[in-house]
Protein chains: 2
Amino acid sequence: MIRLSKKADYSLMALKHILSKENQPSSTREIAQTYGIPFEVLAKLLQQLTRKGFLISQHGTKGGYSPAKLSGAITVRDVLEAIEGPQAILDCSNPRKGPCEQEKSCSVRRPLARVEQKVLDLLGKTTLGEI
Amino acid sequence: MIRLSKKADYSLMALKHILSKENQPSSTREIAQTYGIPFEVLAKLLQQLTRKGFLISQHGTKGGYSPAKLSGAITVRDVLEAIEGPQAILDCSNPRKGPCEQEKSCSVRRPLARVEQKVLDLLGKTTLGEI
DNA sequence: TAATATCCGTCATCAGGAGTCGGATATCTT
DNA sequence: AAGATATCCGACTCCTGATGACGGATATTA
């Protein structure tokens with residue numbers, strides 16, 4: 001199956017929320033309650049997004065997360081790669097997997113790789129501003 | 001993550017193999033050995049593809065599978081849906097899943113659904129003939 | 001100092017993907 | 001008729017990865 005993980009969904013929702021309130025930082029608790037996302041899960045995601053440079057974090061009371069980029073400068077693909085690592089639709093083009101057993105005899109690899117590239121391009125062209 | 005399952009990969013390879021030898025039926029064993037696919041797994045896939053009308057099966061010695069359609073009449077999406085059921089990138093548009101918890105508060109659903117549609121269209125336009 | 005944040009590693013749970021096993025049925029060759 | 005080669009089908013195990021829970025440390029504000 002082809003699908004977006006919950007983590008990816010949560011990340012996109014949270015980023016959009018934070019971007020829509022750039023004047024004041026949004027706390028994990030606030031976002032979690034608003035969208036019904038498990039607190040601990042969301043916390044990890046926001047930490048990751050901060051390390052990757054999408055957000056700026058602020059400790060203490062009145063703290064929370066603020067955007068580090070404009071919504072037009074973040075693509076769906078950027079977010080997916082920050083949360084889930086390199087995106088690959090085919091196992092044989094996935095750097096996290098080992099070599100493909102069928103490599104030599106596989107007749108569909110190259111053509112499917114073109115399809116894969118088109119999908120990734122589409123995700124790479126869609127910014128959070130458009131979402 | 002976004003990815004094609006092994007089943008989908010195997011199915012595409014097998015279909016392409018069978019289509020390339022339409023004069024004589026291809027047996028499960030022959031295909032499994034050629035591409036290093038587990039026999040039992042491939043057998044199930046070919047049975048499914050037969051029930052869905054992509055292949056014609058022939059029992060007995062010299063039996064095997066023959067194509068039921070032209071390669072240009074089968075799309076990647078057709079195959080995915082035959083093997084894995086309705087394709088959905090978002091859980092909230094997946095008929096196999098229950099209702100989405102965040103439905104009311106989710107701000108990304110509609111725009112992401114447009115992206116999803118584009119990906120599905122791309123898969124629906126790519127035929128086995130092009131692969 | 002108390003309250004509210006982020007921060008971080010670790011563990012538990014569980015569904016779905018991937019593959020195995022056993023046995024039934026149909027067809028061709030000898 | 002017998003044996004070999006096929007497809008056919010259900011049920012089962014195994015295991016990775018997605019998801020989420022817990023405990024505790026650190027930073028900031030009132």
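Note on naming: letters A, B, ... go to the chains in the order of the sequence lines (proteins, then strands), and numbering restarts at 1 for each one. Heavy atoms only: backbone and side chains are in, while hydrogens, waters and symmetry mates are out.
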May I ask you to evaluate whether A/Ser57 reaches the phosphate of C/dC7, defined as a side-chain N or O under 4.0 Å from OP1 or OP2? yes
Rounded to whole angstroms, how far apart are CZ on B/Arg3 and P on C/dA18? 5 Å
Please tell me which of A/Pro38 and B/Ala43 maps to the more 5' nucleotide of DNA chain D, matching each residue to the nucleotide holding its nearest heavy atom. B/Ala43
Working to the nearest 0.5 Å, report the span between NZ of A/Lys69 and CG of A/Leu15. 10.0 Å
So, OP1 or OP2 of C/dT6: does either fall under 4.0 Å of a side-chain N or O from A/Thr28? yes
Kindly give the heavy-atom pair with the smallest separation between A/Ser93 and A/Ala88, and that separation in Å. O-CB, 3.9 Å
At what distance, to the nearest 0.5 angstrom, does NZ of B/Lys118 lie from CG of B/Asp121? 9.5 Å
Treating Ile, Leu, Val, Met, Phe, Trp and Tyr as nodes and any side-chain heavy-atom pair under 4.5 angstrom as an edge, say whether A/Val115 and A/Leu122 lie in one connected cluster. yes
What is the per-nucleotide protein-contact pattern of nucleotides 11-16 of chain C, from the 5' end, where B denotes a base atom under 4.0 Å from a protein heavy atom, S denotes such proximity for sugar-phosphate atoms only, and - denotes neither? ------
Exactly one of A/Leu4, A/Val76, A/Asp78 clears side chain to side chain contact (heavy atoms under 4.5 Å, CB included) with A/Leu123, and that residue is A/Val76
What one should report as the nearest heavy-atom pair of B/Glu130 and A/Arg114 is O-NH2, 3.8 Å
Quick one: pull up CG in B/Leu46 and OG in B/Ser27 and give me the separation to the nearest 0.5 Å. 9.5 Å
Of the listed C/dC7, C/dT20, D/dT7, the closest approach to the B/Ser27 side chain comes from D/dT7
Quick note, B/Val41 side chain, CB onward, closest among C/dC7, C/dG19, D/dG20 is C/dG19
Rounded to the nearest Å, what distance is computed from the CD atom of residue A/Gln48 to the P atom of nucleotide D/dG20? 14 Å
Assert: residue with more 5' nearest nucleotide on DNA chain D, out of A/Lys7 and B/Thr50, is B/Thr50
If I take atom CG in residue A/Leu45 and atom P in nucleotide C/dC7, what distance separates them, rounded to the nearest angstrom? 13 Å
Say whether, by atom type as modelled, one donor and one acceptor occur between the side chain of A/Lys21 and the main chain of A/Ser26 under 3.5 angstrom. no
Roughly how many Å is it from NZ in A/Lys52 to P in C/dC7, rounded to a whole number? 15 Å
What is the separation between atom NZ on B/Lys6 and atom P on D/dC15, rounded to the nearest whole Å? 16 Å
With a 4.0 Å limit, can you tell me whether B/Tyr10 has a side-chain N or O closer than that to the phosphate oxygens OP1/OP2 of C/dA18? no
Starting from A/Ile83, can I reach A/Val41 by hopping between I/L/V/M/F/W/Y residues whose side chains sit under 4.5 Å apart? yes
Is the closest basic N to carboxylate O distance between A/Arg3 and B/Glu84 below 4.0 Å? no
Using a 4.0 Å cut-off on protein heavy atoms (strictly under), produce a 5'-to-3' string for nucleotides 22-30 of chain C with B for base contact, S for backbone-only sugar-phosphate contact, and - for none. ---BBBB--
Grab the CD-C1' distance between A/Gln47 and D/dA27 for me, whole Å please. 13 Å
Over how many whole Å does the gap from A/Phe39 atom CZ to D/dT19 atom C1' extend? 17 Å
A/Leu42 atom CG is separated from D/dG20 atom C1', nearest whole Å, by 12 Å
Determine whether any donor atom in the side chain of B/Lys44 lies under 3.5 Å from an acceptor atom in the base of D/dG10, or the reverse, and answer yes or no. yes
